[in-house]
Amino acid sequence: MFSYLGRRILATIPVMAVVAVVVFALLHLAPGDPAAVIAGDQATVEEVAKVRAQLGLDRPLAVQFASWLGNVLRGDLGRSIYDGQPVTRMIAQRVAPTLALSLCTLFVALAVSLPLGIIAAWKAGTWIDRGVMGFAVLGFSFPVFVIGYGLIYLLSLKLEWLPVQGYASLREGVGEFAAHMVMPALALGWVLSALFARMTRTSMLEVLSQDYIRTAQAKGLSNRQVLVGHALKNAAVPIVTTIGIGIALLIGGVVVTETVFAIPGVGLLTVDAILRRDYPVIQGVVLVFSAVYVLINLAVDLSYGFLDPRIRY
Amino acid sequence: MKRRTFLASGAALVAAPAILRAQTKASVLRFVPEADVVIFDPVTSPSWQTRDYAYLIYDTLFGMDDENRPQPQMLEGYNVSNDGLTWTLTLRDGLKFHDNEPVRARDVVPSVRRWGARDAFGQALMAATNDISATNATNDKTVTIRLKKPFPLLPNALAKTMAYPCMVMPERIASTDPFKAITETIGSGPYRFVANERVPGAKLVFERFQGYVPRKGGTPSQTAGPKVANFDRVEWTIMQDTATAAAALQRGEIDWLQTPNNDLIPTLRSNKNIVVRTILPTGLIAYMRFNHLTPPFNNPAIRRALIGAVNQSDYMIAINGADKSLWRDGIGYFAPTSPYASKAGMEHLTSKRDYAKVKSELQKAGYKGEKVVMLVAVNIPYLKMMGEVTADMFKKIGMNYDYVATDWTTVVQRRNKTEPAEQGGWNLFSIYDNGANELDPASHLLLRGNGKEAQFGWPTMPKIEELRSAWFDAKDLGQQKKICEQIQLQAFEDVPYIPLGQSIPPTAYRKDLTGVLNGHPFFWNVRRQAG
């Protein structure tokens, strides 16, 4: 187990190296020039070139890459081209809202989808099953921003229950934190709930047709004991895999959600940096996202061993 | 503890931050700008957000009033020698930087020099200047500017509000290379920047500077008159989605939304708690810019022929909708609110559009179906609209075009390329200019005709350059107006660009705010009405 863990962690190094090279190459080969943005409309071609030289963007790509990589290896993700802020600080300032949004979304998605998926499988073919699947189809069909605007209209403008936008940390009070998180988590959580509920239903349906479930029922176990104690445990591996994928999907989803609800998270930071070609920020954020993604995959793989004792590493 | 007491205490704990916020609301002005500030130096960044930020932090020697007349701001007064060659500027008492150091003449000198190296109006002033110096060592309040030739527009140059305004900084900061952004923010304006509360892309905070002394007397008008800060804090929240920002304004979560989406304006207007008002009458002027260095637009006859196909109202309706309070057509080469706006040559733009005639004129002018590379930043809705209308127009007049859909940052990069289009250059793109840039020839960079030194597009227009110089030397407004009429007539001959109409975006704020000044978003004089 520990040797597997060690091997997997070591395997992340080449993955991260490839990500670093690809991101650097894509960014610098794509059109767009931060020097021209900084120099502004009144600048002549020569003045733009002067700004480019000051930023070190006129150096050969290989030199720029080596310099950036050297800093990354020392734990320095560089500084924003525009205002000189350290990238690590910029990311650190934005992590809490994104993390809070992601966790709240996951909580909403799991709290809704697991019971729904289990009930849909248990009542397969009935109107309950069709209702749950209808909910899932709607979740897949509505873009997050549409759900977001709908919630703002209903819960903020009409009912005046919740604030429209922004983020409040837990330090500002649990009530404030929750009030700012409900709508974004619901908007983003619906899509994930739909995904998780469908996968839970499919996985449970397969398990429920197994002989050992009939045996459990024949032994006189209650429905709850059969569903949770026997069926769900055995259906867990594909569900956990889907949750892992869902967390990766969250990374894309938070960008839209943060925009709609004006949450100052990493997603918005990424979009801003891409639009301005703030290379160090984009590279830093992508590296961090990649590391998170790799770690989530690792956690999902390791969880298989706990969920299914037959799986050994 | 009884259950009821426990629940009541819990509820109070949860509600406490909200109560605290309600108590502090009165002293905080919550503003949503169009975008974040990314460069904190008004001399190196022409961004409108940098300018608005800078007016909170820094002060200027002269302010500009609603009538575009410069008025002393940091100055007690000024004297001009009889020959017009020596200007003596005297700082008023009580001026302090945010580090509580007094503002001295020796801070003003490098501030003016640094600005003069970047700004077009400033460059014209510097070209006419022999020397700027802090002359009175005893009180360090007097700046003397010695000129090579009279420059009657000196106060206008120092008062200009568009990029780049001349802001006064401490000597050690103002001595920074004009092409390198400053990293320290110390001004002498009514608010100071709270750098440690900044979240890039999300929030900027400003606190009232207790040491600021507004000038005595006069009426607050744009950047002129007393700048009285009535809020303890001004908080800028960056919201990329203006629909969300409009909802937040309706709910009272924010006080002021700089630019609401046009399609949300009817909703905001119908809300009795919100004021929707135009504070920037100069608005935004859309234009189509050509690359004058490469075919086909290196041929002035082709550029002239194209004017006949442009219907400004098509562009304005596509961008702003049918509500005519939000736009204006019949726009020439100067902003309609400028004293220099005239009807000279306007028939080129306002006469009946005849596409067949334009098609034949293009052929006569020598257009042989060369492909026109049109850059369109489709990630910005109004730029996409401009591109769509131009594409439709090109179809009607038989122009062969390549619609290059890209993002704004790529356009900004590519428009600096002087090479032919097939080598990565360009032929044409459309964008807005701030109307305040088109108030006079000094700031009107799109009308510069100094070739490679001019803005992207690089037109060479010697007659317009001559007229511009004559305007600087003109004795009075009447003479200046005549020169500007000639400039406009010549512009219709040279066609450095084609004006596409003027958008007049309103701003929206809560009704309990009073004293919102005209011009850019300025944060002095604004107060919250009690009750």
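Letters A, B, ... are given to chains in the order of the sequence lines, protein chains preceding strands, and every chain is numbered from 1.
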ask   = Have A/Gln165 and B/Asp241 got a donor and an acceptor in their side chains that come within less than 3.5 Å?
value = no

Hey, can you tell me if [X] and [Y] have their rings parallel, tilted or perpendicular (30° and 60° cut-offs)?
X: B/Trp426; Y: B/Trp458; answer: tilted
X: A/Phe142; Y: A/Trp190; answer: tilted
X: B/Tyr53; Y: B/Phe40; answer: perpendicular

Answer with side chain, backbone, both or neither: which region of [X] has an atom nearer than 4.5 Å to a non-hydrogen atom of chain A?
X: B/Asp41; answer: neither
X: B/Ala247; answer: both
X: B/Thr418; answer: side chain
X: B/Thr183; answer: neither
X: B/Lys417; answer: neither
X: B/Arg448; answer: neither

ask   = Which residue out of A/Pro264, A/Ala273, A/Pro163, A/Ala262 racks up the most heavy-atom pairs below 4.5 Å with chain B?
value =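 Going by pairs under 4.5 Å, I would pick A/Pro163.
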
message = Shorter than 4.5 Å, heavy atoms on both sides: which option in A/Ala35, A/Ser156, A/Ala179 has the most such pairs with chain B?
response = A/Ser156

inquiry  = A side-chain contact here means heavy atoms from C-beta on lying under 4.5 Å apart; do B/Val32 and B/Gln258 qualify?
reply    = no

Is [X] in contact with chain B via its backbone, its side chain, both, or neither, using a 4.5 Å heavy-atom distance?
X: A/Tyr149; result: side chain
X: A/Leu162; result: backbone
X: A/Glu258; result: neither
X: A/Leu275; result: both
X: A/Val260; result: both
X: A/Gln54; result: side chain

Among [options], residue most engaged with chain A (heavy-atom pairs, under 4.5 Å):
options: B/Lys180, B/Arg198, B/Gln250; answer: B/Arg198
options: B/Pro200, B/Ala202, B/Ser45; answer: B/Pro200
options: B/Thr244, B/Asp177, B/Ile431; answer: B/Thr244
options: B/Glu253, B/Gln240, B/Lys203; answer: B/Glu253

inquiry  = Taking the six-membered ring of B/Phe456 as reference, does the cationic atom of B/Arg415 (NZ for Lys, CZ for Arg) lie under 6.0 Å from its centre and within 45° of its axis?
reply    =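 Satisfied, under 6.0 Å and within 45°.
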
inquiry  = Show, in sequence, the C-alpha distance, side-chain angles and deciding distance for B/Arg51 and B/Tyr164, and conclude whether the side chain to side chain contact (heavy atoms under 4.5 Å, CB included) test is met.
reply    = CA-CA 8 Å; B/Arg51 175 205 60 209; B/Tyr164 302 95; over 6 Å; no

From CA spacing to verdict: side chain to side chain contact (heavy atoms under 4.5 Å, CB included), A/Ser80, A/Met90 = CA-CA 9 Å; A/Ser80 162; A/Met90 292 173 84; 3.8 Å; yes

query = Is it true that B/Asp407 and A/Arg277 make a salt bridge, defined as a side-chain N closer than 4.0 Å to a carboxylate O?
reply =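 So B/Asp407 pairs with A/Arg277 through a salt bridge.
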
message = Determine whether a donor-acceptor pair (N or O, by modelled atom type, separation under 3.5 Å) exists between the side chain of B/Gln123 and the backbone of B/Ala117.
response = yes

task = Apply the test salt bridge (charged side-chain N to carboxylate O under 4.0 Å, His left out) to residues B/Arg30 and B/Asp255: give CA-CA distance (whole Å), side-chain angles for both, the deciding distance (0.1 Å), then the verdict.
result = CA-CA 5 Å; B/Arg30 296 154 308 170; B/Asp255 298 308; 2.9 Å; yes

